[in-house]
Amino acid sequence: MIGEILDAKYRIDEQLGAGGMGNVYLATHLGTTRVVAVKVIAPRWAAEPQFLARFQREAQACGRLRHPNIVNVTDFGIAKAASGDMPYLVMELLDGQTLSDFQKANPRIALPLIADLLDQIGLALAEAHRHGIIHRDLKPDNVWLEPNGRGGYTVKVLDFGVAKVNLLADWAPRLQEMPEVSEPKTVIPRPIVSGDELETAVMDMTNEPRSSKSRTRAEEAETVAIALSSSGPSSGSFDSSAGAQTMPGSLVGTPAYMSPEQASGEEVDFRSDIYSLAVVAYSLVCGELPFTRKTSELFKNQQTGNPAETASVHKIPRDVSDAILAGLARNPADRPASAIAFARRFHNAVDAEFLALRRSKAFLLQHLAAYALLLVPIYGTILSVTAVLAALSKKLLPVAAVRIVLVPLAAAVLFIFADNLLRAAAALMALDEQTRLRRFLSFRVFWKLVKAMPVLVVTQARSLWFFGPGWVIGDSLWPVICVVEKLSGKRAIQRSRDLMTGLRSAGRALAIRHLALAAFAIADVVKSIGFLWQSGRIAQANEVTTATWFPVFALFAGTPLFLYDRTAANESGPLLQLDRTPEVRITARVFSVSSMIWLAAGAIYLIYQPIRLWLFGAR
């Protein structure tokens with residue numbers, strides 16, 4: 001076909017790939033001179049209704065979708081040729097490689113890159129689900145990676161040929177509209193590759209079973225249409241109409257990436273794609289598939305077996321492993337609520353802890369004046385209340401041994417509550433930022449904090465005795481929730497624990513910083529008891545409480561704010577519109593703040609030496 005004009009619109013310039021069902025060509029649209037990729041079905045297959053229906057389904061599915069992470073299909077038609085009708089599909093020409101090829105060239109992919117790729121795949125699936133389309137054949141061969149020129153990749157989900165289209169989309173999760181994107185530019189044609197990498201073959205496996213010698217590994221399996229009963233694949237599996245359903249007893253897809261319900265021929269919905277996305281994540285992280293057996297054994301394993309935990313296969317954080325296993329749940333109801341929810345849980349498990357810790361310090365330094373003005377009364381109140389408790393304890397508790405234990409423990413509770421006050425204050429600062437009024441920020445935040453004090457006190461008291469999964473580790477977000485969502489008590493604590501599901505590492509990091517001063521106070525108790533044990537002078541014992549490090553640990557008070565923004569964000573983006581970009585400091589001064597600090601330290605040291613010699617001589 002090289003040099004021919006297809007349907008009076010496209011000049012065929014070059015063959016990009018060939019397969020059993022047809023070929024893919026590099027072509028030029030005569031009207032616009034735009035370079036495109038044209039997928040043509042061989043005439044002998046065009047006469048088969050199931051293959052033509054599959055081709056039409058791919059055109060309909062992609063034609064309804066406009067998303068930067070879904071391949072853009074621009075035209076579909078049936079051209080007349082000497083050998084018969086020739087259906088064709090026109091799509092944008094992409095540069096790059098499939099995710100499968102990328103994985104072969106890079107066996108150990110970094111977790112942040114995997115998180116970025118899953119984010120984009122999740123967005124593409126969410127858009128398809130919003131339009132009532134289930135992909136049903138998600139796998140690395142159907143995910144394209146196009147270099148974006150910034151060291152990363154733009155993901156394009158391909159091949160909706162076995163997609164299930166539901167025009168009503170009554171089961172699809174409701175997502176906010178995505179903005180329209182402009183037409184992609186023409187890119188450099190990719191080199192010729194084999195047809196197996198360009199298209200998915202549909203094979204009838206009922207009449208010609210493979211011998212044991214010819215069986216391939218699960219990850220090498222192609223998409224298949226398997227008839228498990230007397231009804232063949234053409235009895236409904238390939239119907240692209242709105243009311244079409246895969247007939248019971250028949251299934252279409254790639255066995256290694258099928259969900260259990262899809263493998264058993266049951267009715268599937270968008271949660272089947274979430275399972276396939278989790279299989280892709282498993283293979284990217286571990287370098288292997290969760291189930292790798294013969295096709296018949298594979299289906300049985302999917303129904304009854306459990307995949308090996310990724311943490312045991314490959315050294316990764318436990319939270320990442322749990323995120324993947326949540327998507328591989330056998331029961332669709334136990335999987336994440338959407339593809340975006342799965343991708344976000346994975347992404348949060350990878351970097352939420354370090355992002356929140358970094359951005360917390362940057363956020364509080366950005367509001368340093370307001371932060372300092374709030375810190376002074378809170379810190380002063382802690383010291384004052386502790387001093388009053390120490391003074392009253394001498395009258396109320398005449399036994400010194402009891403005093404040296406109870407006073408530091410009371411101070412420990414005060415430290416915990418004061419840190420939660422600063423967490424709530426950080427949330428109030430973020431909310432106040434939306435008004436764009438920078439003046440008197442500390443006074444407005446302080447007044448709102450005073451009004452919220454009863455709610456915070458009640459919730460703090462409830463959190464100490466509300467035992468259950470997530471106690472302490474999952475309680476870090478409730479001050480933010482009290483301020484933002486206006487919840488209190490048990491509801492705020494439970495909401496915090498729900499949001500922290502799958503973020504145990506981040507919860508432990510926050511708990512360590514949150515309870516550090518309380519631990520210091522308890523250490524003072526142990527120290528005082530040790531002193532009494534050795535000296536026995538109970539009458540002269542003093543209550544010791546260390547609060548020097550409170551302003552330092554308070555730098556992490558903004559961490560729950562960013563964790564909340566990541567976990568509670570809706571489908572369209574962050575809830576509080578916080579700055580998530582890496583910290584980049586820009587200054588118009590001759591020297592930056594850090595440079596001025598180092599210069600001042602050096603100057604003080606240089607001045608100190610002569611003054612020391614002048615005052616004290618050479619001693």
Side-chain angles (χ1 to χ4, degrees), residues 110-112 114-116 118-119 122 274 277-278 281-282 285 309-311 314-329 334-361 363 419-420 423-424 426-427 430 463 466-485 487 491-516 556-571 573-576 578 580:
L111 285 178
I114 295 176
D116 179 56
L118 293 180
D119 277 348
I274 297 175
L277 180 59
Y282 190 104
V285 170
E309 293 187 6
T310 54
H314 188 59
K315 266 194 166 182
I316 62 170
R318 184 56 182 260
D319 291 343
V320 176
S321 176
D322 290 346
I324 296 175
L325 294 179
L328 292 175
D334 295 333
R335 298 170 199 160
S338 67
I340 290 181
F342 170 80
R344 283 185 174 166
R345 177 171 176 178
F346 183 94
H347 204 151
N348 288 338
V350 170
D351 69 354
E353 174 186 346
F354 300 103
L355 172 85
L357 291 174
R358 288 196 306 267
R359 293 306 305 161
S360 170
K361 292 184 289 185
F363 178 81
D419 191 49
N420 284 328
R423 292 177 172 184
S463 68
F466 185 30
F467 302 108
W471 184 60
V472 178
I473 292 178
D475 291 344
S476 58
L477 303 186
W478 67 257
V480 180
I481 293 171
C482 287
V483 169
V484 177
E485 301 185 15
L487 299 179
R491 293 176 60 199
I493 300 168
Q494 189 59 52
R495 170 70 169 159
S496 173
R497 295 178 184 179
D498 292 340
L499 292 177
M500 289 296 291
T501 301
L503 293 177
R504 288 174 296 185
S505 177
R508 287 191 293 267
L510 264 68
I512 290 172
R513 291 159 176 81
H514 182 52
L515 302 175
F556 301 101
T559 305
L561 177 65
F562 285 87
L563 273 181
Y564 174 81
D565 193 49
R566 287 285 293 265
T567 55
N570 54 31
E571 303 289 1
L575 191 67
L576 299 176
L578 297 177
R580 299 184 181 186

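Note: hydrogens, waters and symmetry copies are ignored here, and every other heavy atom, side chains too, is used.
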List the atom of Leu503, the atom of Ala352, and the distance in Å for their closest heavy-atom pair. CD2-CB, 4.4 Å
Working to the nearest 0.5 Å, report the span between CG of Leu563 and CD of Glu353. 8.5 Å
Which heavy-atom pair separates Ala426 from Gly558 by the least distance, and what is that distance? CB-CA, 4.1 Å
Main-chain N/O of Arg344 paired with Asn348 side-chain donor or acceptor, under 3.5 Å: yes
Nearest 0.5 angstrom please: Leu561 CG to Phe363 CZ, how far? 5.5 Å
Interatomic spacing from CZ in Arg504 to CZ in Arg318 - rounded to 0.5 Å: 5.5 Å
Would you say that Ser360 contacts Leu357 through its side chain, given a criterion of any heavy-atom pair below 4.5 Å between the two side chains? no
Do Val285 and Phe346 make a side-chain contact, defined as non-hydrogen atoms from C-beta onward lying under 4.5 Å apart? yes
Any side-chain heavy atom of Leu355 sitting closer than 4.5 Å to one from Phe562? no
Treating Asn420 as the side-chain partner and Pro479 as the backbone partner, does any N or O pair qualify as donor plus acceptor under 3.5 Å? no
Is there a side-chain contact between Phe466 and Gln494 (heavy atoms, below 4.5 Å)? yes
Whether the side chain of Asp322 engages the backbone of Gly502 through a donor-acceptor N/O pair (distance < 3.5 Å, no angle test) should be reported. no
Take Leu499 and Ile481 through the side-chain contact (heavy atoms from CB on, under 4.5 Å) test and state the conclusion after the steps. CA-CA 10 Å; Leu499 292 177; Ile481 293 171; 4.2 Å; yes
Side chain to side chain donor-acceptor pair (under 3.5 Å) involving Asp351 - partner list, sequence neighbours excluded: His347, Arg566
Evaluate the side-chain proximity of Arg513 to Thr559: yes if any heavy-atom separation is below 4.5 Å, no if none is. no
Candidate pair Ile493 and Leu487, rule side-chain contact (heavy atoms from CB on, under 4.5 Å), full reasoning: CA-CA 9 Å; Ile493 300 168; Leu487 299 179; over 6 Å; no
Using a 3.5 Å distance criterion without hydrogens, assess whether the side chain of Arg423 forms a donor-acceptor pair with backbone atoms of Ala557. no
Taking the side chain as every heavy atom from C-beta outward, state whether Leu510 and Phe556 have any pair of such atoms under 4.5 Å apart. no
Non-hydrogen atoms of Phe342 and Ala278 that approach each other most closely: CZ-CA, 3.7 Å
Residues that Asp119 engages under salt bridge (Lys or Arg N to Asp or Glu O under 4.0 Å), provided they are two or more places apart: none
Mind checking the CD1-CG spacing from Ile340 to Leu277? Nearest 0.5 Å is all I need. 11.0 Å
Tabulate below the donor-acceptor pairs under 3.5 Å that side-chain atoms of residues 469-476 make, not counting sequence neighbours, or state none.
from	atom 1	to	atom 2	distance (Å)
Trp471	NE1	Ser463	O	3.1
Asp475	OD1	Arg497	NE	2.7
Asp475	OD1	Arg497	NH2	3.3
Asp475	OD2	Val472	N	3.2
Asp475	OD2	Arg497	NH2	3.2

Would you mind reporting whether Leu477 and Thr567 have side-chain heavy atoms less than 4.5 Å apart? yes
CZ/Arg491: more than 12 non-hydrogen atoms of other groups inside 6.0 Å: no
